[in-house]
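Down below is the structure, laid out as structure tokens.
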There are 2 protein chains.
Amino acid sequence: MAQSKSLGKQTIMLDALPSVLSYAAIVGKKEGEGPLSSQFDEVVEDAYFGTKSWEKAESALLFKTVSLALEKGGLSAGEIRYIFAGDLLDQCIGTTYAVRELQIPYFGLYGACSTMAEGLSLAAMAIDGGFAEKVVAATGSHFCSAEKQFRYPLEYGGQRTPTAQWTVTGSGAVVLGKGGAGPFITHITTGRIVDMGIKDVSNMGAAMAPAFADTVNCHLLDTGRAPADYDLILSGDLGAVGGEIALDRLDELGWRIEKNYKDCGMLIFDNKKQDTHAGGSGCGCSASVLCADILPKMRSGELKNVLFVATGALMSPTSILEGESIPSIAHAVSIASMPV
Amino acid sequence: MAQSKSLGKQTIMLDALPSVLSYAAIVGKKEGEGPLSSQFDEVVEDAYFGTKSWEKAESALLFKTVSLALEKGGLSAGEIRYIFAGDLLDQCIGTTYAVRELQIPYFGLYGACSTMAEGLSLAAMAIDGGFAEKVVAATGSHFCSAEKQFRYPLEYGGQRTPTAQWTVTGSGAVVLGKGGAGPFITHITTGRIVDMGIKDVSNMGAAMAPAFADTVNCHLLDTGRAPADYDLILSGDLGAVGGEIALDRLDELGWRIEKNYKDCGMLIFDNKKQDTHAGGSGCGCSASVLCADILPKMRSGELKNVLFVATGALMSPTSILEGESIPSIAHAVSIASMPV
């Protein structure tokens with residue numbers, strides 16, 4: 001029987017050091033006009049991705065991104081033991097129809113915008129536990145399918161509040177495996193649901209910030225690390241409003257992280273120029289930023305230790321209509337460019 | 001690094017033998033009038049479970065079932081390292097609001113009616129990999145919330161076709177741990193998506209049957225086992241129509257399983273007397289049958305080796321309106337009453 005790998009209350013330490021073998025990020029037109037423009041593997045101008053609906057476009061995007069991650073790693077789908085993936089759409093159809101084409105054994109996830117960290121956590125556990133040699137974690141989102149499902153028909157032209165975030169049209173996919181050259185997944189801190197009673201779905205950053213703070217606090221206590229042990233503590237996606245609340249909350253808990261804190265939703269858009277209000281969001285935001293910006297910088301040595309903390313707001317339009325607040329979650333994945 | 005536990009194409013063998021420590025099943029009134037009536041831990045007459053909506057009822061049901069499984073095992077939520085759970089509702093809100101109250105670190109799943117097997121698979125891997133001492137796998141469904149979301153308003157009184165299945169109001173929860181007295185999870189075969197082009201959402205058994213056959217075939221080839229090595233090969237939930245198709249398909253693949261084959265959707269209702277047409281379905285069907293009927297029979301020695309294969313139809317109302325067919329998946333979990 002394997003030795004216990006648990007550390008503190010919610011963290012595990014992976015002694016097999018699952019390695020990032022390959023990754024890819026593909027985004028839509030607006031994301032391609034943002035600050036990370038040149039870093040994405042591909043920017044697709046057609047919002048339909050050659051299909052006839054936004055939902056099918058989301059599937060096409062995810063399929064394309066996973067396929068590209070495999071191709072960049074010189075791998076075929078048949079070499080992948082599991083894919084851990086999910087998305088924001090009802091019944092996760094964005095993922096289902098993409099995975100149907102890939103024919104990889106599939107664990108379907110629902111973690112809203114925390115999906116990339118949830119998938120990486122389980123993918124890393126699959127490698128570390130000896131269950132697989134190569135696995136994929138992937139997710140994506142699409143602005144138009146998300147607006148249609150969660151908010152208003154696009155044709156209605158609804159105005160957005162200043163606290164609202166902009167769902168990214170984008171996807172990220174990571175191939176993890178045994179014995180690669182890194183970066184490596186070293187620790188995983190799995191979040192609990194935190195719900196401070198926020199009911200405003202135009203302010204999901206505020207709803208998710210306490211979940212982020214809870215998981216980061218737990219990670220630091222469990223591992224005995226300090227914020228300074230990371231070059232970067234990266235949230236996905238608290239945006240402008242949630243990010244400030246998160247820093248305040250962590251300050252109350254005794255942690256100052258502002259020096260090495262960034263948010264994927266603030267990195268992907270120039271929020272003033274691009275009219276994206278409080279920043280990007282959606283499963284595809286943190287996934288595409290991770291794969292286009294963070295992992296390449298870890299490979300080049302520019303970043304050495306990153307705590308990737310994707311946050312999810314787990315309400316539905318129905319639960320909000322029924323008067324419920326927004327239950328949130330944050331999963332943290334500690335990534336190191338060198339074995340520790 | 002852990003030794004490889006993979007077997008063949010899609011199966012893993014668990015050498016730590018995660019053990020079922022406790023389990024519970026709670027169902028609604030109609031399920032309590034079926035053949036398994038006396039076996040459920042509790043039958044709740046109130047379809048609202050004391051709440052004001054069917055969605056909240058589904059959350060209350062899941063919370064109650066997990067709490068009871070913990071209580072029966074003499075455990076508190078604080079002793080559980082992870083909960084793997086999900087349901088059929090958009091954004092899995094049935095689970096989210098239940099898990100919010102439990103405060104257990106949470107991996108959200110979407111596998112439709114395959115969720116119980118998906119959750120058991122990942123829960124068993126978490127134990128076997130050394131990541132946790134005790135974990136929960138749980139799911140549930142509610143007839144009224146499912147009808148409202150997937151089909152027609154109940155008030156409309158829509159007629160059902162003979163091939164239609166009846167979503168179970170019920171929930172099942174299993175606590176897995178290291179070093180218990182069993183039953184034990186010994187093998188896991190993770191499904192790929194199989195889609196033979198069925199578009200009739202009133203015939204999900206037909207859509208899911210090929211996925212069941214694909215996973216069972218793969219499991220038998222990977223493990224070198226024969227159907228006779230199992231006292232019971234249990235599908236959840238192919239119903240009357242899907243069950244027949246599955247037997248035919250496996251016969252074509254060279255396997256005769258009819259002697260030891262049963263389906264959770266056929267066990268939970270007396271379909272003729274209870275007007276449930278082709279049988280029960282929903283995440284809560286296989287979960288509650290497993291926890292009310294199968295696991296107790298394994299504990300008592302009446303059943304020794306069971307292959308539990310929960311099947312999911314992964315379409316959404318939107319994907320069907322857009323002309324898509326029903327992508328299906330089946331996950332198999334091999335359970336043994338004694339260590340092998």
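Chain identifiers are assigned alphabetically (A, B, ...) following the order of the sequence lines, protein sequences preceding nucleic acid strands; residue numbering begins at 1 within each chain. The shown structure was predicted, so the numbers you read here are calculated from the model rather than taken from an experiment.
Looking at B:Leu88, the atoms closer than 4.5 Å to chain A (heavy atoms on both sides) all sit in the backbone: N, CA, C or O. Within the 4.5 angstrom heavy-atom criterion, only side-chain atoms of B:Ser121, from C-beta onward, approach chain A. Of the atoms belonging to A:Met315, heavy atoms from both backbone and side chain fall under 4.5 Å from chain B. Only the side chain of B:Arg81 has a heavy atom closer than 4.5 Å to any heavy atom of chain A. Contacts of A:Gln149 with chain B are made by side-chain atoms alone, with heavy-atom separations under 4.5 Å and no backbone atom involved. The contact between B:Ile104 and chain A is made entirely by backbone atoms, counting heavy-atom distances below 4.5 Å. There is no contact between B:Ile83 and chain A, counting heavy-atom distances below 4.5 Å.
Atom CZ of A:Phe131 and atom NZ of B:Lys5 lie 4.5 Å apart (nearest 0.5 Å). Rounded to the nearest 0.5 angstrom, A:Glu101 CD and B:Asp195 CG are separated by 8.5 Å. B:Phe107 CZ to A:Ser114 OG: the interatomic distance, rounded to the nearest 0.5 Å, is 9.5 Å. Going from atom CD of B:Gln91 over to atom CD1 of A:Ile320 covers 10.5 Å, rounded to the nearest 0.5 Å.
In this structure, B:Lys9 places its NZ atom where only 12 or fewer heavy-atom neighbours from other residues, nucleotides or ligands lie under 6.0 Å away.
Under the 3.5 Å distance criterion, with hydrogens and angles disregarded, no donor-acceptor pair is assigned to the side chains of B:Tyr106 and A:Thr190.
Your options are B:Leu314, B:Thr215, B:Asp90, and the one with the most heavy-atom pairs under 4.5 Å with chain A is B:Asp90. Heavy-atom pairs under 4.5 Å with chain A were tallied for B:Ile188, B:Leu122, B:Val99, B:Thr318; the largest tally goes to B:Leu122. Ranked by non-hydrogen atom pairs under 4.5 Å with chain A, the options B:Leu14, B:Ile93, B:Thr115, B:Val194 are led by B:Ile93. Your options are A:Glu324, A:Gln103, A:Met13, and the one with the most heavy-atom pairs under 4.5 Å with chain B is A:Glu324.
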Audit row: B:Ser325, A:Arg100, side chain to side chain contact (heavy atoms under 4.5 Å, CB included) steps and yes/no: CA-CA 11 Å; B:Ser325 49; A:Arg100 181 178 67 180; 3.4 Å; yes
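Here B:Glu322 does not pair with A:Lys52 in a salt bridge; the nearest charged N to carboxylate O distance is not below 4.0 Å.
When all heavy atoms of A:Gly108 and B:Glu118 are compared, the pair lying nearest together is O-OE2, 2.7 Å. The shortest non-hydrogen separation linking A:Thr96 to B:Ile193 is O-CD1, 3.4 Å.
No donor-acceptor distance shorter than 3.5 angstrom exists from the side chain of A:Arg192 to the backbone of B:Leu102, with no hydrogens or angles considered. Using a distance-only test at 3.5 Å, with no hydrogens or angles considered, no donor-acceptor pair links the side chain of A:Glu55 to the main chain of B:Ser319.
Side chains of A:Tyr82 and B:Ile12 form a contact here, defined as non-hydrogen atoms less than 4.5 Å apart.
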